[in-house]
Amino acid sequence: MPASTFPDGFLWGGALAANQAEGACFEGGKGLTTVDMIPHGPHRLAVKLGQEKRFTLRDDEFYPSHQAIDFYHRYKDDIALMAEMGFTVFRTSIAWSRIYPNGDELTPNAEGIAFYRDLFAECKKYNIEPLVTLCHFDVPMHLVTKYGSWRNRKMVDFFARYARTCFTAFDGLVKYWLTFNEINILLHSPFSGAGLVFEQQENQEQVKYQAAHHELLASALATKIAHEVNPANQVGCMLAGGNFYPRTCKPEDVWAALEKDRENLFFIDVQARGAYPAYTKRLFREKGISIVTETGDDEILKHTVDFVSFSYYASRCASADMNDHNSSAANIVKSLKNPHIKASEWGWGIDPLGLRITMNMMYDRYQKPLFLVENGLGAKDEINPQGEIDDDYRISYLREHINAMGEAIADGIPVMGYTSWGCIDLVSASTGEMSKRYGFVYVDRDDQGNGSLARKRKKSFYWYKKVIASNGADLD
Ligand code: BG6
């Protein structure tokens with residue numbers, strides 16, 4: 001076996017999010033969140049984009065997050081499966097509305113805190129480090145209906161209170177934290193990303209960037225508080241990553257790709273460098289955006305993150321005329337189709353070298369350790385007549401991407417760890433489907449919510465176990 005390029009202590013594991021796994025939507029004192037209002041079916045996209053207001057649940061629609069994969073009741077068995085694979089890290093999120101059901105209370109919900117203490121203690125029992133996202137696409141609905149969510153500055157204080165509660169309640173159990181999952185998705189999917197819905201005629205760009213300012217302040221404050229509560233805490237930002245390639249070497253296409261990258265990297269530029277980048281002045285002027293700030297905001301933003309985490313599923317492609325060619329939208333970020341790479345069943349481009357390119361760009365830009373906290377292949381799985389799931393396509397995707405990450409490490413980049421997405425099958429964020437599966441563990445549930453919820457190890461389960469045991473040296 002070749003020597004491993006992965007450093008000793010490299011964290012290997014998998015990731016999920018409360019809203020896509022826990023279910024138990026009405027248990028434990030939990031309040032409704034944005035994602036609980038997003039139905040499966042034809043209205044899904046309009047609701048996610050904030051174009052169709054959905055403030056009450058309807059009887060004639062199915063909401064996949066309400067039961068999800070019932071991780072809330074089954075987490076002990078699920079964590080045991082992760083431990084069996086040899087995980088040393090497990091990424092999940094805390095549902096804000098389990099801790100503060102409405103979001104604006106002064107005291108937290110003890111039942112919510114107890115649930116997460118038990119969950120994190122269960123991880124520690126197997127020497128698995130929890131990596132915890134404070135907000136993964138789930139804003140308490142009360143904050144949306146009463147305050148307009150992140151368009152309102154009050155959200156900064158609500159989030160800071162929630163963050164302090166978590167850092168204090170889970171001190172000693174959790175030391176790796178992420179503030180907002182895929183913070184740049186706010187621009188592309190405003191309701192699911194940040195609880196934003198729009199009124200007719202308003203300047204949506206203004207609303208989105210004002211909300212972004214509030215999230216960036218909240219993230220910086222949370223980082224500061226985490227360090228105050230325990231200097232050993234390490235906090236990261238989280239980008240829906242993947243570089244834009246210019247579709248041709250025409251200078252206009254190269255410029256378009258640069259601008260598209262900046263649109264996403266803007267958030268990380270602030271979180272990792274501590275100030276608005278120079279290019280925003282012109283960008284805001286041209287889009288008619290004027291951010292309302294308060295004295296002291298610049299100081300708050302100086303609390304930068306300890307590491308930069310990101311998801312990577314696909315690279316992206318841009319040209320001066322984005323409507324010129326066929327487009328695709330991996331992670332809801334609009335991109336042109338790249339004729340040089342293959343795509344998944346859902347049209348997401350498969351580009352392992354793009355991961356190495358993205359990692360090199362990010363390290364050149366930020367000079368902070370990287371953490372790849374989501375990566376994986378959404379695919380349909382079939383159970384064969386022997387009752388097994390031979391997901392070789394998934395193994396091959398993961399092998400090539402882990403290999404590319406190894407190359408990035410060999411390029412000199414410090415990388416803290418790798419958590420593949422959806423280590424156990426869960427509800428898809430974009431489509432609400434269960435049939436878009438990412439897991440090493442299969443869950444018996446279909447797109448309409450039928451099934452026993454029984455778990456089953458796939459072929460990739462045994463493969464990943466070997467990868468972890470060899471610290472990434474054995475990818476065969
Ligand atoms: C990321 C999200 O966008 O990609 C996850 O952080 C999401 O929540 C994942 O599930 C994969 O996307 P999808 O749409 O296939 O579930």
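All ligand and atom numbering here is 1-based and tracks the order in the structure.
Using cut-offs of 30° and 60° for the angle between ring planes, the Phe71 and Phe90 rings count as tilted.
Within the 4.0 Å heavy-atom criterion, the part of Trp421 lying near ligand 1 is the side chain and not the backbone. If you look at Asn181 next to ligand 1, the close heavy atoms, those under 4.0 Å, all belong to the side chain.
Close N/O approach between Tyr438 and ligand 1 is found [any backbone or side-chain N/O within under 3.5 Å]. Considering backbone and side-chain atoms together, Thr431 places no N or O closer than 3.5 Å to any N or O of ligand 1. Considering backbone and side-chain atoms together, Ala429 places an N or O closer than 3.5 Å to an N or O of ligand 1.
A donor-acceptor pair shorter than 3.5 Å cannot be found between the side chains of Asp261 and Tyr245. Between the side chains of Asn233 and Tyr176, no donor N or O sits under 3.5 Å from an acceptor N or O.
The distance between the ring centers of Phe180 and Trp150 falls below 6.0 angstrom.
Near Ser428, meaning under 4.0 Å from any of its heavy atoms, are these atoms of ligand 1: 13 (P), 14 (O), 15 (O), 16 (O). If you number the atoms of ligand 1 from 1 as listed, the ones under 4.0 Å from a heavy atom of Lys436 come out as 13 (P), 14 (O), 15 (O). The contact set between ligand 1 and Gln20, taken as ligand atoms under 4.0 Å from a residue heavy atom, comprises 5 (C), 7 (C), 8 (O), 10 (O).
A cation-pi arrangement is present between Arg98 and Phe115, with the terminal nitrogen or guanidinium carbon under 6.0 Å from the aromatic centre and inside a 45° cone about the axis. Seen from the ring of Trp421, Lys436 does not count as a face-on cation partner, given the 6.0 Å and 45° thresholds.
Closest to atom 12 (O) of ligand 1 by heavy atom, among Phe137, Trp348, Trp346, Tyr313, is Trp348.
With respect to Arg262 and Glu259, no salt bridge is recorded, no charged nitrogen being found less than 4.0 Å from a carboxylate O.
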